[in-house]
2 protein chains.
Amino acid sequence: MKQKPTLKVIAKELDVSVSTVSKALRDSKEIGEETKNKVKAFAKLYNYRPNNIALSLKNKKTKTLGVIIPEIVHHFFTTVISGIEHYANDKGYNVIVGLSNESFKKEVINLEMLANGSIDGFIISVAKETLSAKDYHHLSETIDQGIPIVMFDRVIDEIECDKVIVDDVKTSEKAVQKLINSNCKCIGIISTKDYVSVGRLRTEGYINALKSNGIKVNHNLILKIDDKFNSDDNLEFLEEQIHNYFETNEVDGLFAVNELYAITAMKVARLKGLSIPNDLQVIGFTDGVLSKHAYPPLTTISQHGFEMGEEAAKLLIDRLENTNEEEEPFKTTVVKTEIIDRETTKL
Amino acid sequence: MKQKPTLKVIAKELDVSVSTVSKALRDSKEIGEETKNKVKAFAKLYNYRPNNIALSLKNKKTKTLGVIIPEIVHHFFTTVISGIEHYANDKGYNVIVGLSNESFKKEVINLEMLANGSIDGFIISVAKETLSAKDYHHLSETIDQGIPIVMFDRVIDEIECDKVIVDDVKTSEKAVQKLINSNCKCIGIISTKDYVSVGRLRTEGYINALKSNGIKVNHNLILKIDDKFNSDDNLEFLEEQIHNYFETNEVDGLFAVNELYAITAMKVARLKGLSIPNDLQVIGFTDGVLSKHAYPPLTTISQHGFEMGEEAAKLLIDRLENTNEEEEPFKTTVVKTEIIDRETTKL
DNA sequence: CAGCTTAGCTACATCGTTTTCGTGTTGATA
DNA sequence: TATCAACACGAAAACGATGTAGCTAAGCTG
């Protein structure tokens, strides 16, 4: 086992000073050609690489980004991480991932654990518990300490920072409009409780679409699921709620605010003997593996998670590397969406 | 924006020395009660937290783990990451994620980027390209430098390090045996090319099961998909290969080495008018979202990815924190598997 | 009262790097 | 020959924290 060489050992070995070695490796013109070559050759031979930690301490920047998400076993979030990684790596940044598991406490711990110099900035999608508790002090304090935050998907209006979102309202309008155009007479929505911003906004879009088509909004057709935690865990609960929903409503068009709700609704509908898309048309939100491989393949809205990730990383790194005296104003980037036509809708 | 206070500013503010502050905060008995209280109160007021980077430099350990995986938009890998995170966080470690995208070059870059002091050890699942090229110098060099590596799932026999695997051979035997017991007369397997260790081993298990039941092995029934990269990208290619396979083989039982192959095979079979599980029984490997939500829900083998992650983190952290003089011998942990009975098999 | 202990604090080195500010030597110039 | 620039390099500070060793004053003992 050979230890990583440091400037000091190279210096001693070649009988020059540490500063000379450092300068030679950085190709400073202060150092003579001969010495430079000697040092470089030696460094190459022993595979010298500057110690990142020492550099971080000196430069007061770590070149790593902290990403905090509610869960990682989740297609959308991992797609976003891919995008973040891609852009970040390209710019020489590393990505350190923290999981909140939708828990406020874990979110706070993660933030504190990383805010002690380990990272230069955060990219975060807020936990449901945080959203419902409306306790954002950890976020504002972090920003206060000069650590920039970029929020994506689940954002908080009250906090001033860069944000990357999708136009949930407009997108949902489009989806519901598509159902209307496909001759659906009774369109329902399966959404989340209102404290989840995306659920609220998508419901808003659903209502807008109905209204602008002169359709009266029937609040029984709006199902708001209360899944505080990982929804995969209480699948039966979800199925039961959807089952009850179908018992009391005769829908022929359904808009679900995520894949799982859509897939589960399809499953329940199938059990009731409904044929998709003949008896019931379905549109989901988020284009994940489930949608693509479902039977029948689900018509859904692609959020372009990869682009969201890239954009979030870009916003963050831009801010980190902005050397201007004046602070840049905060930006909110809206990533465009797209309806992926598959087989759960007609037309 | 208030900057993070350092020991130095606290010291100056309270007119004591830096060491006094440090010791007071660590509750050293060298410092008088009065001074301690004063310092602690001040530190609390200004929310002092020791700078992680400085600590890392001093202690020569970063308390972060580097995880390098082929892709992150993948249920199994994210489940493993969850397990790693869970155990690591518990022990006060952070997790930094690198993606190889199945590329040898990216794997090397990621390793080098992190091996410069940023992390204390690696947890890695090797890229397909690395496996097929059989070039492991980056791994052995890393270990040589004293940075421990734990491999999981896709491991390399030639490299000596801790490993976490599943008993692929035995597990596959069990799965195929189940098909035999369910009266399948012609059982096929969809696997990967042999350089992917898990594909090779699972094929081995398939062959073992047939042999031990006195069934002659027909090599036409063994389909080895060559997907060097993310298999989601060349879905048509996969479908085509499976389609051809079904054209030339009349199988009534199918074992697939991953979810996607299983689901895709089911889709192709359905197109051919086959009914599942009546005409064709299917068992997959890896219990992901696809299996659970497929139609019909897929009988599959759970690898317990979460436990694998926890175990990998445990092996790594144990080694890192082992203060004994002698090196511990390398361990290979075999995580148990389980067949999840769903609706693509009879019985 | 010399000598010793001890409480309570400070100085300093250290981790690995970069960077500023010297400093000594050479060769050229006035 | 004194002066000066250019060259090639070294010493030291700095980043933030920790720990060892050293120092001072007070209190005690014989």
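Sequence lines set the chain letters: A, B, ... in the order given, protein chains first and strands last, and positions in each chain run from 1.
- B:D120 places a side-chain N or O within 3.5 Å of a backbone atom of B:T62 that can act as its donor or acceptor partner.
- Every residue meeting the salt bridge (Lys or Arg N to Asp or Glu O under 4.0 Å) condition with A:K23, not counting sequence neighbours, appears here in chain and number order: A:E30.
- At distances below 3.5 Å, not a single donor-acceptor pair connects side-chain atoms of B:N101 with backbone N or O atoms of B:S103.
- The ring pair (Phe, Tyr, Trp, His ring centres under 6.0 Å) search around B:F76 returns none, not counting sequence neighbours.
- Residue pairs meeting the ring-ring contact (aromatic ring centres under 6.0 Å, His included) criterion with at least one partner in residues 309-335 of chain A, sequence neighbours excluded, do not occur; the list is empty.
- Between the side chain of B:Q145 and the backbone N or O of A:Q3 there is no donor-acceptor pair closer than 3.5 Å.
- Under the rule for a ring pair (Phe, Tyr, Trp, His ring centres under 6.0 Å), A:Y48 has no partner lying at least two apart in sequence or in another chain.
- For B:Y46, the ring pair (Phe, Tyr, Trp, His ring centres under 6.0 Å) test picks out B:F42, with sequence neighbours left out.
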Going 5' to 3' through nucleotides 13-19 of chain C and flagging B where a protein heavy-atom sits under 4.0 Å of the base, S where only the sugar-phosphate is that close, and - otherwise, we get -BBBBBB

Checking A:T20 against A:S17 for the side chain to side chain donor-acceptor pair (under 3.5 Å) test, could you report, in this order, the C-alpha distance in whole Å, the side-chain angles of both residues, the deciding distance, and whether it holds? CA-CA 5 Å; A:T20 305; A:S17 80; 2.9 Å; yes

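- Bounding nucleotides for the chain B contact on DNA chain D, 5' to 3', at a heavy-atom distance below 4.0 Å, are D:dC15 to D:dA21.
- The ring-ring contact (aromatic ring centres under 6.0 Å, His included) contacts involving residues 87-131 of chain A comprise A:F104-A:H138, where partners must be two or more places apart or lie in separate chains.
- Listed by chain and number, the residues in a ring pair (Phe, Tyr, Trp, His ring centres under 6.0 Å) with A:F77 are A:H74 (sequence neighbours excluded).
- Within residues 33-40 of chain B, the residues having any heavy atom closer than 4.0 Å to DNA chain C are, in order of number, B:T35.
- Pairs passing the side-chain hydrogen bond (donor to acceptor under 3.5 Å, both in side chains) check and including a residue from residues 108-119 of chain A, sequence neighbours excluded, read A:S118-B:N52.
- The overall bend of the helix from C:dC1-D:dG30 to C:dA30-D:dT1, read as the angle between its terminal helix axes built from five base pairs each, is 90° when rounded to 10 degrees.
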